[in-house]
Every structure is written in structure tokens, then in C-alpha cells.
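Only this structure's heavy atoms are used, side chains among them; waters, hydrogens and symmetry mates stay out. None of these values were measured; they are calculated from a predicted model. Along the sequence shown, residues are numbered consecutively beginning with 1.
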Amino acid sequence: MPKLIRLLATALLAIGASAGTVLATAAPAHADACYTWSGVLAQGSSGEAVRQLQIRVSGYPGTGGVLGLDGQYGPATKSAVARFQAAYGLTADGVAGPATFAKLYALQDDDCTPVNFSYAELNDCNTTWSGGNVSAATAKANALVTMWKLQALRHALGDQQIRVTSGFRSVSCNNAVGGASTSRHLYGDAADLGAGPHSLCTLAQAARNHGFAGILGPGYPDHNDHTHVDGRPSRFWSAPNCGVASLTGSLDPLGD
């Protein structure tokens with residue numbers, strides 16, 4: 001009898017999968033331990049479920065855009081969700097439902113980091129995320145957003161490795177490497193990227209499409225050996241050797 005029950009359960013799951021439904025007896029979705037969505041999110045939705053979604057689609061705001069993480073499902077969030085869906089071959093309607101959530105679960109580990117990046121990779125300074133210009137919790141939260149933007153960048157570049165050479169820094173770590181006193185590394189939202197499968201210019205050029213307000217690369221002082229991306233409050237791009245420049249042409253107010 002137990003074997004018959006198992007066979008019946010297997011058949012029901014197969015029928016449910018073919019019909020595009022999710023059965024209560026189905027196994028838990030992969031990597032949803034850190035956050036689990038229910039129902040459907042669409043323009044007009046609000047709350048923590050929306051903010052968690054915004055974090056994961058923050059790398060899809062459109063060229064030069066930065067998606068706000070305000071928990072409000074407005075037109076910008078709808079567009080970002082649609083770009084994410086299109087990038088992964090889903091129906092690009094800007095409505096987040098089971099198919100979109102399933103893809104997000106498949107792209108993340110149980111600590112909410114994307115599968116191809118980790119907290120350790122974004123912090124070789126200390127294990128506590130303390131000592132920077134913001135609280136440890138804020139620095140770590142900022143790094144999580146940066147990782148999801150990097151995941152989007154990685155996918156856009158053919159799902160090849162992106163090598164992170166520096167992330168969060170405490171004041172002491174930043175001083176030790178000669179970083180600027182206003183460096184975004186002190187806020188946890190910055191990453192320095194080294195050449196690998198992609199050139200530094202390819203990284204700088206593609207980063208314009210994935211939610212980074214700060215991009216510094218070859219041709220900018222002290223950036224010929226890496227491309228720097230960050231989440232500063234206002235846009236500043238400068239990688240002259242790569243044809244990357246801010247539309248405003250303003251001076252860099254923060255440094256690297």
C-alpha cells in the first residue's frame with residue numbers, strides 16, 4: 001500500500017506540472033529558505049514582499065537607471081521585472097507570479113545571495129561588516145543588493161565568471177589600501193572587478209545597464225587595473241578608455 005501511495009503521489013505531481021500548477025504535496029522550492037513569496041505581485045502591490053523582489057531585480061532597471069527599493073510596485077519595478085523575465089525566457093508581462101519566483105529561487109542560495117556570489121567574496125576585510133561608514137547591518141544589506149546587480153551583469157555577459165577583487169572595507173582596511181576617505185567601499189555597496197573572461201572595458205560598458213550609479217574604469221585615475229562599480233546616491237561614470245562617461249559630466253564627489 002505505501003508503494004501504491006507513492007506511485008499515486010508521483011502521478012499527481014506529474015499531472016500538476018504538465019498543467020502548470022503547484023500542488024500542496026510538491027517539494028519546497030529550491031533556495032526559498034531566506035524568503036518565500038506567495039500569490040502574485042503586480043503594479044499597485046506594496047510591502048516587504050515587493051522590496052524583496054526589488055532587491056533581486058535591481059540589476060534590470062534599464063540603461064542608466066537605478067531601481068528604488070521602497071516596497072512600492074510602480075512602473076519602474078514592473079519594467080525591471082519584465083526585463084528580468086525576458087532575460088530568462090519567461091513571459092515578460094512585468095507581473096511576478098509562480099514562474100518568476102521559481103526562477104528567483106533557482107538563482108539564489110538560502111542566505112538570499114545569488115548563486116554565483118557570496119558575502120565572503122564581497123568582504124575580505126573582516127567577518128563582522130563593522131567599522132565602515134554605516135552600520136554593519138546596512139553594509140551587509142548594501143552588499144546583497146550589489147551582488148544581485150552583479151548577477152544580472154554576469155547573466156548578460158553569457159553567465160561567465162566575474163571576478164571580485166575588493167568589496168566592503170572598514171576605515172582601517174580602506175586606509176591600508178590607500179582608498180579615498182569617501183570611498184563607497186566603506187558603505188558596502190561597491191565592488192572592484194578584475195579582468196577575466198571579460199575585459200575591464202566590457203565590464204564597465206555593460207555595467208551601465210545593470211543599476212550601478214558609480215562606474216570607474218580604465219582611463220580614470222588609478223583604475224587601469226580594475227573596474228569599480230557602486231551604488232552612490234547620484235550617477236558618476238568615468239572609464240574614458242572604454243567610452244564610458246557620465247551624461248552630466250560632473251566631478252566625482254565621492255571617490256573610490
Side-chain angles (χ1 to χ4, degrees), residues 55-56 58-59 66-67 69 108-109 111-154 161-196 198-201 203-204 206-208 210-242 244 246 250-256:
I55 290 170
R56 290 157 180 77
S58 58
V66 176
L67 183 65
L69 309 180
Q108 71 180 10
D109 290 322
D111 62 355
C112 287
T113 59
V115 291
N116 297 113
F117 298 92
S118 68
Y119 283 118
E121 192 174 8
L122 268 288
N123 182 358
D124 59 3
C125 171
N126 60 41
T127 59
T128 63
W129 297 84
S130 61
N133 280 1
V134 291
S135 71
T138 297
K140 191 172 183 180
N142 288 344
L144 179 64
V145 177
T146 297
M147 282 187 271
W148 279 103
K149 293 177 182 180
L150 290 174
Q151 185 71 29
L153 175 62
R154 187 183 192 277
Q161 179 193 22
I162 289 179
R163 189 166 60 91
V164 177
T165 61
S166 183
F168 167 76
R169 300 174 193 158
S170 67
V171 172
S172 59
C173 287
N174 191 57
N175 290 342
V177 298
S181 61
T182 54
S183 171
R184 294 308 302 184
H185 290 280
L186 296 164
Y187 296 82
D189 65 7
D192 289 347
L193 312 178
H198 312 292
S199 69
L200 297 180
C201 279
L203 293 169
R208 296 175 294 186
H210 295 290
F212 294 106
I215 303 173
L216 306 173
Y220 187 80
D222 301 320
H223 285 73
N224 287 328
D225 62 351
H226 69 281
T227 288
H228 167 98
V229 293
D230 66 49
R232 65 188 63 202
S234 59
R235 184 167 67 194
F236 182 81
W237 297 345
S238 184
N241 292 357
C242 309
V244 176
S246 276
S250 61
L251 296 176
D252 180 9
L254 298 172
D256 176 4

- Please report the C-alpha distance between Asp192 and Arg169 in whole Å, then the side-chain angles of each, then the deciding distance to 0.1 Å, and finally whether the salt bridge (Lys or Arg N to Asp or Glu O under 4.0 Å) criterion is met. CA-CA 12 Å; Asp192 289 347; Arg169 300 174 193 158; 3.4 Å; yes

Locate the shortest heavy-atom distance separating [X] from [Y]; write the atom from each residue and the value.
| X | Y | answer |
| --- | --- | --- |
| Gly231 | Arg184 | O-NH2, 4.0 Å |
| Asn116 | Glu121 | O-OE1, 3.8 Å |
| Leu122 | Ala143 | CB-CB, 4.4 Å |
| Ser58 | Leu69 | CB-CD2, 4.5 Å |
| Gln161 | His198 | O-CD2, 3.9 Å |
| Met147 | Pro114 | O-CG, 3.5 Å |

Can you tell me how far [atom2] of [Y] sits from [atom1] of [X], rounded to the nearest 0.5 angstrom?
| X | Y | atom1 | atom2 | value |
| --- | --- | --- | --- | --- |
| Asp109 | Tyr119 | CG | OH | 10.5 Å |
| His223 | Ile215 | NE2 | CD1 | 12.0 Å |
| Ser183 | Arg232 | OG | CZ | 8.5 Å |
| Thr128 | Lys140 | OG1 | NZ | 10.0 Å |
| Leu153 | Ile162 | CG | CD1 | 3.5 Å |

- Task: Taking the side chain as every heavy atom from C-beta outward, state whether Val134 and Leu186 have any atom pair closer than 4.5 Å.
- Result: no

- Message: Do Asn241 and Asn224 make a side-chain contact, defined as non-hydrogen atoms from C-beta onward lying under 4.5 Å apart?
- Response: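 Answer yes - side chains close enough.
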
Tell me whether [X] contacts the main-chain N or O of [Y] through its side chain, where contact means a donor paired with an acceptor under 3.5 Å.
| X | Y | result |
| --- | --- | --- |
| Trp129 | Ala141 | no |
| Asp230 | Ala191 | no |
| Asn142 | Tyr187 | yes |
| His226 | Leu193 | no |
| Ser238 | Leu216 | no |
| Thr227 | Leu200 | yes |
| Ser199 | Ala195 | no |
| Asn123 | Asn126 | yes |
| Trp237 | Phe212 | yes |

- Check the pair Arg56 / Cys112 against side-chain contact (heavy atoms from CB on, under 4.5 Å), numbers first and verdict last. CA-CA 9 Å; Arg56 290 157 180 77; Cys112 287; 3.1 Å; yes

- Query: Does the pair Phe117 and Arg154 meet the rule for a side-chain contact (heavy atoms from CB on, under 4.5 Å), with working shown?
  - Reply: CA-CA 10 Å; Phe117 298 92; Arg154 187 183 192 277; 4.0 Å; yes

- Message: Using side-chain contact (heavy atoms from CB on, under 4.5 Å), reason through Val145 and Asp189 one step at a time and then give a plain yes or no.
- Response: CA-CA 7 Å; Val145 177; Asp189 65 7; over 6 Å; no

- Message: Can you confirm whether more than 12 heavy atoms, excluding those of Asp222, are under 6.0 Å from its CG atom?
- Response: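 No.
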
